[in-house]
Each structure stands twice: as C-alpha cells, then as structure tokens.
Asker: 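One structure, pasted below without further comment.
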Amino acid sequence: MHNRYGDFISTYSGVKEIDYFLAKSLADVMNRADDELLFFSVLACSQALREGHSCLQLAEWAETTQWEQVTEDDIRTGGYQFPSVVDWEQHLSLLSIAPASTHPIVYECGRLYLRRYWHFEDEVVNAIKKYSHEVSFDHSRASHALAQLFGHDSSSTHSADIDWQKVSVANALGKQFCIVTGGPGTGKTTTVTKLLVALCEVFDEPFIIKMVAPTGKAAQRLTESIGNAKAQLQRQHEFSEQVWSSVPDEAMTIHRLLGVIPRHHQFRFNESNRLSLDILLVDEASMVDLPLMARLFRALPEHARVILLGDSNQLPSVAAGSVLADIAPDPHPGYSKSNAALLNALTGYSIPVTTQTSVDHLTKLTKSYRFKDDGGIGQLAKTIITGDIKASWTLLNEVSDELSLTPQGDFNGWLKQLAESYYFPVSQPKDVNVALQQFSGFRFLAATRGGERGVDAINIAIDRAIKRHLSVPIHTLYYHGCPIMINENSYETGLFNGDIGIIWRHEDRLQAAFPVGDGEVRWLSLSRLPSFELVYAMTIHKTQGSEFNRIAIVLPEYHSPILSRELIYTGVTRAKNGLEINCTKHVWSKSIKKRVSRNSGLFDKLYRDKPQIDLF
Ligand SMILES: Nc1ncnc2c1ncn2[C@@H]1O[C@H](COP(=O)(O)OP(=O)(O)OP(=O)(O)O)[C@@H](O)[C@H]1O
C-alpha cells in the first residue's frame with residue numbers, strides 16, 4: 001500500500017486526506033497495516049460518515065469499484081474493487097470486531113461502524129427502549145381533560161374523521177417516550193401545548209418542563225408558537241394556576257440546555273451530572289444528529305418523559321444520522337391491540353391496529369390547518385412527499401395566489417425585481433424592529449452556496465442593486481439596513497450560528513441589531529461581531545427551523561447531487577403564504593425523484609423482529 005497520501009491518490013482518485021489517515025491509523029492500531037480490505041473498509045466507512053451515514057452498509061459497496069480515475073474518453077484506471085458481501089463478511093469475521101470487542105471498528109448485521117458511532121446508535125436504541133415504558137394514570141381524569149381540550153365529538157369510526165391531535169395527546173399521556181410528527185401547519189405545536197396542559201392536569205404535579213430545539217432560530221420560533229398556543233388555550237379553558245405555570249414560556253437550544261463547555265466535546269450535563277427536569281420537549285427533531293441525540297438522552301434523569309416533535313419528511317441533520325426518520329417510520333405501521341383499545345377508551349375513536357410490529361409511541365398529524373386543502377403550498381408539499389413529479393409540476397404551472405413558477409430568462413432582472421419589492425423598503429422605517437419584521441417576511445432560498453444561482457452570487461447581485469438604490473459606494477462593506485447572519489457560535493457575545501440581525505445607524509454609528517423577543521433588540525458594535533455574512537439569500541439547509549411569509553426558491557441550472565426530494569420539501573415548507581420557484585422542468589423532476597437515504601441500524605434494532613445474527 002502507498003505510504004504517502006500524495007502517491008495514494010494518483011491511483012485512488014478523490015479519496016479525502018482525512019479518510020486516508022483515519023484508515024491508515026486504525027489499520028495500524030489493529031496491527032494489520034498490510035490488510036488491504038480492512039484499510040479500504042475503514043476508508044469507505046469514514047467517507048460514508050462524512051456523507052451523513054452512521055455506518056457503512058456492506059451490501060451497497062460490495063462488488064463495486066471505487067475511487068477510479070476516469071478520463072474524458074471514459075478510460076478507467078486505478079480504484080479499488082470491493083468483494084462480495086459473503087467474502088467481505090468472511091474477512092471481517094477474522095478480525096473479531098463484534099460489538100463486545102474493544103476494537104475501534106464494529107461489524108454488526110451487514111453494517112460496519114466506527115466504534116464511536118456504533119456506541120452513539122446503541123445509546124439511542126437503549127434509551128428509547130428504556131424510556132418506552134407505559135405509565136399508569138387515572139383514565140377518567142384523562143378522558144375529562146381530553147374532552148375539555150378537544151370537545152366530546154369523537155364517535156366516528158372512519159379513519160379520515162379521527163382527530164389525530166386528540167389521539168396524540170391521549171397516546172402520550174401513558175408513555176414515557178413519544179413522538180409526534182406532521183408536516184407544516186398540522187398543529188404540532190398546538191397539540192403539544194395541549195399535551196403539556198393535559199399532563200399537568202392528569203398527574204396533578206408541578207412538573208419541571210423544558211422545551212428545546214436544535215438551533216437558536218428554531219428555539220425562538222418554538223417560544224413564540226407555544227406562547228401563542230398557550231395564550232389561546234388560557235382564553236378558552238379553565239385549568240389551575242399550577243397547570244399554566246408549569247407550561248414554560250421559553251424554549252432554548254439543546255446545546256444551552258446541556259451546557260456547552262467551550263472547546264470541549266462533552267457537555268456540563270451528562271450521564272454523571274443529570275439534568276433536573278421531569279418532561280423534555282424536543283422540537284425540530286429531524287435536525288438533531290445521532291451524536292447529539294445520544295448526548296441528550298445521556299443527560300436525562302431516569303424518570304423523565306421525552307416528547308420528540310418534528311417533520312420526518314424534512315432533510316436529515318447536517319451531521320451523521322437521520323434519527324427522526326429512522327425512529328418514526330412512514331407510513332406509520334399501526335398500533336398494538338392493547339394500545340388501540342386504550343386510545344379508543346380515552347378518545348372514542350376506532351384506532352387502526354396492526355398485526356405486524358407496532359409502533360405505539362408514534363402519532364402522525366396529517367391535516368394541515370395552515371394551508372388550504374385545494375391548492376397552493378400545502379398541496380405542492382404533498383405531491384413532493386409522494387414523489388408525484390407530474391402533479392407537482394402541474395401545480396407550479398397553474399395560476400394561483402400562493403404558487404408561481406418563474407419564467408426562465410433574465411435571472412438578474414428577476415432578482416432585482418423581487419429585491420425592489422421586499423428588500424428596498426427594509427432600510428426605510430425609523431424603528432429597527434419594523435425593519436427586522438419587514439426583512440423576515442421574505443427570503444431567497446438557494447440549493448447551493450456556489451455557482452451562478454447559488455447563495456453567494458445572489459447575495460452579491462442584490463447587495464449591488466441595493467447599494468445603487470441607496471447611493472452607497474459599491475466598495476462600502478456595510479450600510480444602514482444591511483441584513484447579516486452569524487456563521488459561528490460565539491459564547492462571549494451570546495450570538496450563534498444562524499442568528500440573523502441587521503446593520504443599523506444607532507446612536508450616530510453603524511451597529512448590529514439582533515432581535516431578542518418581545519420587540520426588544522440587542523445592539524452590538526460591528527467590531528464585536530463574530531464571523532458573519534450577508535443574508536439576502538440563504539441555503540435551504542440553513543433555513544431549517546425557520547419560516548417566512550413569502551419565499552423564492554432558486555435551483556441550479558443543471559442537476560446536482562445535492563438536490564433531493566427532502567431538500568425541495570424542506571424549502572417549499574418554509575413558506576407560509578407565497579412561494580415562487582425558479583427552475584427548469586428537468587432539474588425539478590430529477591430533484592423530486594431523488595431521495596436522501598442514510599444508512600443506520602436504528603430502525604432495524606428498534607422495529608425489525610428478526611433476531612440479530614452475530615457472525616462472530
Ligand atoms: N385543530 C385545529 N383547529 C383549527 N386550527 C388549528 C388546529 N390545530 C392547529 N390550528 C391552527 O393552525 C395553525 C398551525 O398550527 P401549529 O403552529 O400548531 O402547527 P405546526 O405543525 O406546529 O406548524 P409548523 O411546525 O409548521 O410551524 C395555527 O394557527 C393553529 O392555531
């Protein structure tokens with residue numbers, strides 16, 4: 001084998017340095033420096049991890065040739081051919097890398113892991129199993145609380161008439177761990193607010209409840225939407241002061257809850273220093289990666305209840321794993337007979353039962369209360385999830401208030417036209433809060449950062465147009481009304497990756513204003529700001545957990561591997577009232593066709609009945 005990375009990549013094209021050195025050092029640690037298959041297995045495993053998988057699925061790589069050099073005339077040289085699954089497993093079986101071993105890699109049921117990631121996965125599986133306890137409660141008190149919160153009308157036997165919001169609350173009352181999923185506007189926040197009220201009412205305890213989300217923006221949104229839902233419930237229902245005061249008014253980021261120790265991987269709260277809480281609500285759970293989910297479970301006290309909330313059709317986390325999609329199977333396989341009977345007794349609905357593996361801790365909300373059923377954004381989102389390319393393209397081409405497809409042609413002219421409508425007015429108001437409000441109403445979303453139709457190019461084009469409009473010299477870096485996004489976590493300033501603010505003339509100098517809720521802003525001098533960038537346009541990835549009144553989505557001119565059904569769905573569902581899409585039919589079709597699939601063992605370990613065959 002080549003001892004120098006420079007020599008190595010002349011035969012194995014595209015191998016990243018980090019994967020090469022990891023493979024080399026692990027093979028050395030295992031005293032198998034000459035074991036070619038082990039080296040390439042770790043190399044592939046490390047690459048898979050960078051691509052978001054939790055492990056390497058042998059079946060996907062077996063009998064393929066990787067890292068070949070391909071000339072323009074399609075002549076192929078170099079590369080490494082992986083053996084068949086049978087031969088590969090045979091070889092791995094000689095290495096004693098079963099879960100119980102101490103080697104830095106683990107082989108289990110067709111999957112090869114770096115041990116750290118096997119361990120994270122194992123922790124999440126064990127935690128879910130441990131927390132999947134039935135909790136006994138007073139059924140008549142629960143029925144009463146459910147009737148108070150949802151009304152009595154629940155005698156229908158048709159699945160379509162079932163109020164799944166009510167079922168979600170009934171289901172969660174008796175579970176230490178539960179998941180509520182649903183698309184945009186299906187009432188997830190409304191439902192969990194009712195759930196928190198119902199828990200406090202039925203158990204009659206002053207619970208310590210914490211609400212968290214993976215990003216500051218998502219936490220801020222959760223604070224606002226739970227606040228609105230709670231205020232609405234308070235107007236409609238009478239519950240004790242203890243109930244209302246237990247439902248928190250503020251959410252925080254998961255990192256803040258766990259207590260970040262600067263420049264350290266561990267959190268202040270962990271298995272030996274548990275959090276002090278009774279109920280944990282995790283919103284936007286699709287964005288939580290495998291290591292963070294494992295660390296969150298690690299820090300929970302034994303008695304805690306955990307409620308995960310999210311949309312499993314959205315893009316998975318940036319880092320490895322697709323925890324929510326793995327643990328919340330779609331379609332829902334159905335409930336066990338006993339759980340369905342309990343839900344029937346509590347709600348009056350006839351709940352579908354499965355004879356296969358049931359998933360009792362999950363409820364799915366499907367009816368959108370935000371979008372009209374007969375068109376627009378909600379309908380488009382549905383066609384995207386189901387992969388119906390033709391129907392989605394037809395919807396985009398129909399004349400509608402909510403949706404429009406931009407004719408191809410003068411791209412920069414189109415950018416300028418939207419900037420004139422939505423961004424030019426931002427610098428006009430006297431009050432910075434009004435400007436922030438105005439700015440948050442519209443956003444360009446792009447699939448990529450680079451390229452002519454990527455975030456950077458759009459930001460530059462709009463920045464120029466605005467400078468011309470405001471008569472600001474073109475080389476001026478920042479100006480009154482210039483929107484910015486922080487792109488690193490800074491504990492000193494309390495600003496975090498993704499925080500959005502605006503540069504504003506305040507007390508006779510340019511400063512940055514960041515909203516802190518309740519119409520308040522925080523002022524910071526520009527010299528104190530952590531790294532930031534312009535934010536007229538954002539990548540779809542970065543907008544996860546955010547929402548805008550109107551958006552314009554720009555897809556690249558040609559298909560790119562980054563495009564997928566999940567990416568488009570995530571982008572489309574950021575819009576509340578209006579969505580414009582700028583793309584060709586070819587790129588749209590290819591994007592909807594492609595699904596993001598991440599390899600992990602979570603689903604199998606939690607839900608597959610088959611015994612885990614250990615070869616070693
Ligand atoms: N059962 C219901 N009947 C009428 N309106 C409802 C119902 N449930 C929710 N809504 C309303 O629908 C809107 C969306 O609800 P909510 O914010 O709870 O949804 P969500 O799933 O959390 O949305 P998202 O996560 O996309 O922001 C809110 O205005 C809410 O008041």
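Atoms within each ligand, like the ligands themselves, are counted from 1 in listed order. Position 1 is the first residue of the sequence, and the numbers go up from there.
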Asker: With atoms numbered from 1 as shown, which atoms in ligand 1 lie under 4.0 angstrom from a non-hydrogen atom of Pro184?
Answerer: 26 (O)

Asker: Just to confirm my output: which protein heavy-atom neighbour is closest to atom 10 (N) of ligand 1, and how far is it?
Answerer: Tyr369 CB, 3.6 Å

Asker: Are side-chain heavy atoms of Leu195 and Ser168 found at a separation under 4.5 Å?
Answerer: no

Asker: Is the closest heavy atom of Gly185 to ligand 1 under 4.0 Å?
Answerer: yes

Asker: Yes or no, since that's all I need: does a protein heavy atom fall within a distance strictly under 4.0 Å of atom 16 (P) of ligand 1?
Answerer: yes

Asker: Ligand 1 and Thr191, any nitrogen or oxygen pair closer than 3.5 angstrom?
Answerer: no

Asker: Which heavy atom of the protein is the closest neighbour of atom 20 (P) of ligand 1, given with residue, atom name and distance?
Answerer: Lys188 N, 3.4 Å

Asker: Would you say the side-chain atoms of Gln176 pair up with the backbone N or O of Val135, donor to acceptor, closer than 3.5 Å?
Answerer: no

Asker: Can you pull out the closest protein heavy atom to atom 31 (O) of ligand 1? Residue, atom name and distance to 0.1 Å, please.
Answerer: Gln232 OE1, 4.0 Å

Asker: Between Tyr422 and Phe439, is the ring centre distance below 6.0 Å?
Answerer: no

Asker: What do you reckon, is NE2 of His144 surrounded by more than 12 foreign heavy atoms closer than 6.0 Å?
Answerer: no

Asker: Which of the atoms in ligand 1, numbered in the order shown and given with their element, are less than 4.0 Å from a heavy-atom of Gly183?
Answerer: 21 (O)

Asker: Closest by any non-hydrogen atom to atom 22 (O) of ligand 1: pick that one out of Val192, Thr190, Thr189.
Answerer: Thr189

Asker: Is there a donor-acceptor pair under 3.5 Å between the side chain of Arg305 and the backbone N or O of Cys178?
Answerer: no

Asker: Please check if the distance between the ring centroids of Phe137 and His139 is under 6.0 Å.
Answerer: yes

Asker: Just say parallel, tilted or perpendicular for the rings of Trp164 and Tyr335, cut-offs at 30° and 60°.
Answerer: parallel

Asker: Just jot down the ligand 1 atoms closer than 4.0 angstrom to any heavy atom of Glu547, in number order.
Answerer: 26 (O), 27 (O)

Asker: Quiz question: by atom type and distance under 3.5 Å, do the side chains of Asp138 and Ser140 form a donor-acceptor pair?
Answerer: yes

Asker: Below 4.0 Å from ligand 1: does a non-hydrogen atom of Lys367 turn up there or not?
Answerer: no

Asker: Please report which non-hydrogen protein atom sits nearest to atom 8 (N) of ligand 1, along with the residue it belongs to and the distance in Å to one decimal place.
Answerer: Gln165 NE2, 3.1 Å

Asker: For the aromatic rings, using the six-membered ring if either is Trp, is the centroid distance between His133 and Phe177 under 6.0 Å?
Answerer: no

Asker: For atom 19 (O) of ligand 1, which protein heavy atom lies nearest, and how many Å away is it?
Answerer: Gly187 N, 3.0 Å

Asker: Can you confirm whether something in the protein, heavy atoms only, sits under 4.0 Å from atom 28 (C) of ligand 1?
Answerer: no

Asker: Using 4.0 Å as the upper bound for N to carboxylate O, is an ion pair formed by Asp330 and Lys364?
Answerer: yes

Asker: Could you list which atoms of ligand 1 come closer than 4.0 Å to a heavy atom of Arg221?
Answerer: 24 (P), 25 (O), 27 (O)

